[in-house]
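Just below is one structure, and these are the notes that go with it.
The figures here come from the full heavy-atom set of this structure, side chains too, leaving out hydrogens, waters and symmetry mates. As the structure lists them, so they are numbered: ligands from 1, and atoms in each ligand from 1. In what follows, residues are counted from 1 in the order of the sequence shown.
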Amino acid sequence: MKIGILSSGGDCPGINATIRGVGKTALIHYGMKVIGIHNGFSGILSKDPSDINDFDEKSLSGILNLGGTILGTSRDKDFRRLIKRQSEEHTSAILKRYRELELDCIVCIGGNGTQKTAHLLASVGVNVIGVPKTIDNDVWGTDITFGFDTAVNIATEAIDRLHSTASAHRRVMVVEVMGHHAGWIALHAGMAAGADVILLPELGFDIDQVAERLAERQRKGKPYSIVVVAEGLSTPGNGKASDYIANTIREMTSMEVRETVLGYIQRGGNPSPFDRNLATRLGGYATEMIACGAFGRMVCVNGNRIGSIPLSETSGKLKLVEPDNELIVQGKRMDIFFGV
Ligand code: F6P
């Protein structure tokens with residue numbers, strides 16, 4: 001059998017560990033051939049011969065600990081739109097190229113958009129296996145995605161550092177973290193770094209209550225506060241959520257406020273050991289499914305087991321933080337404020 005691997009959507013630490021997991025399992029354990037498809041789904045139709053590479057054990061070595069993706073990635077919205085519109089020309093070009101490359105399956109490493117595109121590819125007759133990845137941890141159908149643990153480690157370490165400067169100046173530090181429409185990074189990093197206020201898209205916020213809570217902390221002699229804001233928090237205007245929160249607190253109270261947007265460092269650098277091993281397990285299981293001919297599915301984490309679900313089940317859905325998440329319940333018991 002011959003497998004193609006591609007990565008699509010936002011990059012995250014662990015993609016290369018997945019490529020290595022799929023590739024080495026296929027080459028060594030199953031005797032399959034493996035190629036890399038560069039720059040996301042658009043690489044399938046690329047005319048540039050360098051956008052396709054053969055993998056061997058040597059080319060799969062030394063990548064386990066690397067951030068980013070050796071295959072490159074892209075958002076692939078046009079590619080997906082053309083399939084959705086059932087563009088005959090686009091679909092036949094994909095199938096023609098798939099046969100030219102003599103592929104038996106394409107492993108699609110990516111987040112929600114990627115799994116949606118993989119599902120569309122399956123619908124036009126391409127054998128696909130989805131491997132969920134994103135720092136956002138918002139892929140429906142899997143307990144966790146690789147990239148998330150690394151991002152939480154990075155964000156937690158950054159927020160830890162802000163405590164000392166906030167304390168020195170007796171300030172309110174507002175920190176914005178990534179997560180797209182979900183609040184998973186804000187919740188986990190906020191709780192791990194001892195934030196006093198954590199604002200999640202799923203819960204929303206009452207700015208009067210936020211300001212009152214911070215003023216109350218000051219009245220109780222708490223010299224500084226850490227406010228963690230998920231980037232997807234809905235706020236008036238078109239600016240960054242952290243800007244709105246910081247500016248409004250400044251206007252409503254006499255407190256000194258500063259803000260920090262962690263941005264893309266949450267997606268940078270080497271994957272955590274947890275993410276390396278999760279990516280390796282998911283990659284190996286994806287290859288096992290290919291060997292068994294189980295296509296059109298996404299590998300997933302279910303408790304401490306690796307399994308799979310049909311791509312039709314995850315496509316178009318988001319996994320958001322539930323209001324009664326145990327970290328929220330426990331945080332409230334310790335007077336951490338979640339905005340409402
Ligand atoms: O999906 C991962 C992510 O980092 C989100 O947290 C963030 O909102 C988005 O990607 C940024 O997208 P881009 O990399 O296209 O700017």
Side-chain angles (χ1 to χ4, degrees), residues 6-18 38-43 67-69 71-81 108-118 130-142 144-159 174-190 192 198-202 228-235 238-245 259-272 275 278-279 282 298 300 314-321:
L6 65 82
S7 52
S8 177
D11 74 297
C12 79
I15 296 175
N16 291 319
T18 307
H38 289 242
N39 304 323
F41 288 98
S42 51
T69 163
L71 292 177
T73 184
S74 63
R75 285 286 175 192
D76 288 315
K77 286 181 178 152
D78 288 343
F79 185 92
R80 180 161 66 241
R81 185 170 44 79
C108 306
I109 305 168
N112 293 298
T114 302
Q115 302 313 323
K116 205 182 288 183
T117 307
V131 182
K133 72 96 185 109
T134 176
I135 64 167
D136 304 337
N137 193 38
D138 62 355
V139 176
W140 194 92
T142 182
I144 190 169
T145 53
F146 68 78
F148 175 64
D149 180 66
T150 304
V152 170
N153 278 299
I154 293 168
T156 301
E157 202 266 344
I159 299 166
V174 177
V175 192
E176 181 175 307
V177 296
M178 281 186 160
H180 204 205
H181 298 308
W184 293 107
I185 297 175
L187 176 59
H188 281 252
I198 301 172
L199 302 181
L200 308 177
E202 295 88 342
V228 174
V229 178
E231 66 172 348
L233 185 73
S234 174
T235 53
N238 301 316
K240 284 197 169 298
S242 54
D243 275 344
Y244 173 81
I245 297 295
E259 65 249 48
T260 300
V261 177
L262 297 185
Y264 293 86
I265 63 166
Q266 295 162 97
R267 281 185 10 200
N270 299 343
S272 66
D275 277 344
L278 174 55
L282 291 171
M298 180 187 82
C300 61
T314 188
S315 184
K317 293 178 190 168
L318 272 185
K319 185 189 72 187
L320 299 175
V321 177

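- Counting the atoms of ligand 1 from 1 in the order shown, those under 4.0 Å from a heavy atom of Met178 are 4 (O), 6 (O).
- With Asp76 contributing its side chain and Gly40 its backbone, the two residues share no donor-acceptor pair below 3.5 Å.
- Tested against Asp275 for a side-chain hydrogen bond (donor to acceptor under 3.5 Å, both in side chains), the candidates Thr150, Thr145, Asn153 yield a single pass: Thr150.
- In terms of protein heavy atoms, atom 4 (O) of ligand 1 is closest to Arg267 NH1, 2.8 Å.
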Review point. When you look at Leu262 and Ile154, which way does the side-chain contact (heavy atoms from CB on, under 4.5 Å) test go after all the steps?
Key: CA-CA 9 Å; Leu262 297 185; Ile154 293 168; 5.9 Å; no
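- In terms of polar-atom proximity, Gly179 is counted as a contact of ligand 1, with an N or O under 3.5 Å from an N or O of the ligand.
- The ligand atoms of ligand 1 that sit less than 4.0 angstrom from a heavy atom of Tyr264 are 11 (C), 13 (P), 14 (O), 16 (O).
- No heavy atom of Gly111 sits closer than 4.0 Å to any atom of ligand 1.
- Exactly one of Thr142, Asn137, Asp136 qualifies for a side-chain hydrogen bond (donor to acceptor under 3.5 Å, both in side chains) with Lys319. That residue is Asn137.
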Point to revise | Lys240 and Val261: CA distance, side-chain angles, deciding distance, side-chain contact (heavy atoms from CB on, under 4.5 Å) verdict | key: CA-CA 9 Å; Lys240 284 197 169 298; Val261 177; 3.8 Å; yes
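- Between the side chain of Asn16 and the backbone N or O of Gly68 there is at least one donor-acceptor pair closer than 3.5 Å.
- In this structure, atom 2 (C) of ligand 1 lies nearest to the protein heavy atom Asp136 OD2, 3.3 Å.
- Remark: minimum distance from atom 8 (O) of ligand 1 to any protein heavy atom is reached at Glu231 OE2, 2.5 Å.
- Near Arg75, the atoms of ligand 1 lying under 4.0 angstrom from a non-hydrogen atom of the residue are 9 (C), 10 (O), 11 (C), 12 (O), 13 (P), 14 (O), 15 (O).
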